[in-house]
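Here the structure comes first, spelled out in structure tokens, and everything after it is commentary.
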Amino acid sequence: MKAKHVFAGMTLLLMAACASIGAPDGGIFDEIPPKVIASYPADRSVGVNEKKMRIRFDEFIKLENASEKVIVSPPQIEPANIRADGKSVKITLYDSLQANTTYTIDFSDAIVDNNEGNPMGHYTYSFSTGEAIDTMEVSGVVLNAADLEPVKSVLVGLYPLDSLFNDSILKNKPFSRVSRTNGSGQFCIKGVKPGKYLAYALEDKDGNFLFSQKSERIAFMQDTFTTSCKWDVRMDTIWRDSTHYDSILVSPYVHYYPDDLVLEVFLEAGQDQHLLKMERPDPDIIKFFFTAPADSLPVIKGLNFDEKCLVADASSHNDTIIYWVTDTAFTHREDTMKFEISFLETDTLGVLRPHTERFEEAPRVTWSKIYREKQKKIQEWQKQREKQLKKSKVPLAHEDNPYEKSFLEISVKPTGNLDPNQNVHYMAQQPIASVDTTRMHFYQKVDSNWVPEPFLFLPDRDVKSYTLYAEWEQKKQYRFVVDSAAIVGVMGDHCKSIKNEFTVKSEDEYGTLFVHVIMPDTARIIVQLLNKSDKCVAEQIAGKDGRADFYYLKPADYYMRCFVDNDRDGEWDTGEYGKGLQPERVFYFPQPIHVKAKWDVEQDWAPLEIPRIGQKPKAITKQKPDKKKDVKLRNKERELKKQQEKQK
């Protein structure tokens, strides 16, 4: 009996002890990045004539975003097959190997271990088909010419200035060396032969390493450079903790030049012109969408209707056009519109030629369906009105059925408070056919009376928009009254009566900015103020003395951009590769400008003295750098978790 009691007691103690043991945490995490232990052929081998390579690692690995990050140079017309296979990366080249050429396979940071995702870091494998390895490097950044945004995932390539070079080489010969930009727009071209070069950037949409489509963005240099290198030192700080450093490690390395190339990509004007699509959402509207801007509107010939009933509502560059069908008798009678549309279309040789297409287009929603739905709403409103009349103990005021008539909706911007230099815009939902200004009334409040004042109500370029102009005075109140039917749309709808009141703010609520742009006297500079979204909120042409003055600025942080208006047309113009024409140069002021109420700010600006790289402020740069891959310090987290469990 005693033995049984002793055994039972020991069992209970053992169970209690087991219950106090925490669940196993899986052990120490692997935080060591993969390492290359061998490659076949060996890295930096010469005299190589094989097209299959293998790189072995000390652990299982995988490739992340290989199609985006891994690039072979010279560029391969037939894409190479590069894949992870257990503890190896296997490479197969399909293009013929070029004689006396250094090949590089730049993996960037695509190689990580299979389990924890520890990044190996930037790695490049190279070999040569000749007797020597070329080791020069060229680096820099690619920016968008219009707004200096870093451009990600575009090709950057080099052409040597040899007997084969010509001014149109980007259209007929692939790069000799190539790289691809990262999220910061940065690139590094490796395995370059010593010599003199020109650099190009290409948004290669068809994968042929040639500028073969107008829809591809490009950049080209007009200044040549010569590769070079020298020994340099890199200073690395060894930190003891977050606030104290232990020592500074001086590391020698080979510094390759140039390392500060700036390429600015642009999309050429005169893109291929095609009819992209056509829509007819309802009987009154037909929409055309073209692939590129046009100098003129297409010509439409009605086959079962009179085309004179069409009123064009076009975008500023005629690439999107809405036609309003004003012949309501036709749209109520016929669903299908039959017509021919003639426009200029780009042929296979890239030449604009007249082109005509025939269409039969029915609306997505027919007039009969619209009419039935309208009648249903009219009847529902009448029933609701009858119920209200029966329940009401007092007679209700007359009220028109809102569904029996169609009114022209008018939106007003701005409303309420006005800046002293601001006017008021009236936008209709359809093109405006007529405006009767005799049925419009404008007043200023003097004491408690509304006194008539002169005004102008003039059409804008947009056929749906008008602007109210007046001699606005600070701290004064104004009223603008539009009688019913004073504004009539092309579909016959007229506006309801409109009454808007405005108060003009005091100049004490604003600041002023005086900018002095220091540029060559011959340059015509257009200065733009930007908000935090990089959108232009004010624009001025700098005078001959480089002055651009901005009045009535609301207190805020502003950013500043300018461009050199070479052709003096008031707009930024792109480049053209065939003519060797670069886009008009754009500059950013590198810091925000703080504007306060009742303050005058004076700012000198010498755009040519500020380096192009990093000129645009980070706060308004939309393209963010790639997320840096670091070893996940999970063992520290594990130890911290264990300590917290012990404290419990």
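Start at 1 with the first residue, then count along the sequence. Keep in mind that this is a model prediction, so the values were computed, not measured. Below, all heavy atoms of this structure are taken into account, side chains as well, without hydrogens, waters or symmetry copies.
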Lys616 bridged to Asp534 by N-O distance under 4.0 Å:
yes
A side-chain contact here means heavy atoms from C-beta on lying under 4.5 Å apart; do Lys505 and Leu418 qualify?
no
How close do Thr331 and Val325 get, heavy atom to heavy atom, and via which atoms?
CG2-CG1, 3.6 Å
Regarding Tyr588 and Gln615, is there a side-chain donor-to-acceptor distance under 3.5 Å anywhere?
no
With Arg612 as the cation and Phe587 as the aromatic partner, state whether NZ or CZ is under 6.0 Å from the six-membered ring centre and within 45° of the axis.
yes
So which heavy atom on Phe339 is nearest to which on Met337, and how close?
CD2-O, 3.8 Å
N/O donor to acceptor pairs below 3.5 angstrom from side-chain atoms of residues 538-556, sequence neighbours left out:
from: Glu539; atom 1: OE1; to: Gln528; atom 2: NE2; distance (Å): 2.7
from: Asp545; atom 1: OD1; to: Arg547; atom 2: N; distance (Å): 3.1

Where do Val151 and Asn144 come nearest, in terms of heavy atoms and distance?
CG2-N, 3.4 Å
Sequence neighbours left out, what pairs pass ring-ring contact (aromatic ring centres under 6.0 Å, His included) with at least one residue falling in residues 603-622?
Phe589-Trp605
Would you name the heavy atoms of Val504 and Tyr478 that are closest together and state the gap between them?
CG2-CE1, 3.7 Å
Quick check on the 6.0 Å ring-centre criterion: do Phe457 and Tyr469 meet it?
no
Would you kindly say whether Thr467 and His425 are connected by a side-chain donor-acceptor distance under 3.5 Å?
yes
Indicate the ring-plane relationship of Phe266 and Phe220, choosing parallel, tilted or perpendicular according to the 30° and 60° boundaries.
perpendicular
Between Gln213 and Ser215, does any side-chain donor sit less than 3.5 Å from a side-chain acceptor?
yes
Test Glu501 against every option in Lys445, Arg479, Lys476 by the salt bridge (charged side-chain N to carboxylate O under 4.0 Å, His left out) rule and name the one that passes.
Arg479
Heavy-atom pair with the smallest gap, counting every atom of Val262 and Leu143:
CG1-CD1, 4.0 Å
Within a reach of under 6.0 Å around NZ of Lys622, are more than 12 heavy atoms found that belong to other residues, nucleotides or ligands?
yes
Can we say Lys277 and Glu279 salt-bridge, meaning some charged N sits less than 4.0 Å from an Asp/Glu carboxylate O?
yes
Residue pair Lys152 / Asn182, side-chain heavy-atom distance below 4.5 Å:
no
CA sep, side-chain torsions, deciding dist, call: Gln186, Ser139, side-chain contact (heavy atoms from CB on, under 4.5 Å)
CA-CA 7 Å; Gln186 298 168 339; Ser139 57; over 6 Å; no
Might you point out which heavy atoms bring Pro607 and Cys562 nearest each other, and give the distance in Å?
CG-SG, 4.2 Å
Within the 3.5 Å criterion, strictly below it, is a donor on Asn423 or Trp472 matched to an acceptor on the partner's side chain?
yes
Do Ile487 and Leu408 have side chains that approach each other closer than 4.5 Å (heavy atoms only, starting at C-beta)?
yes
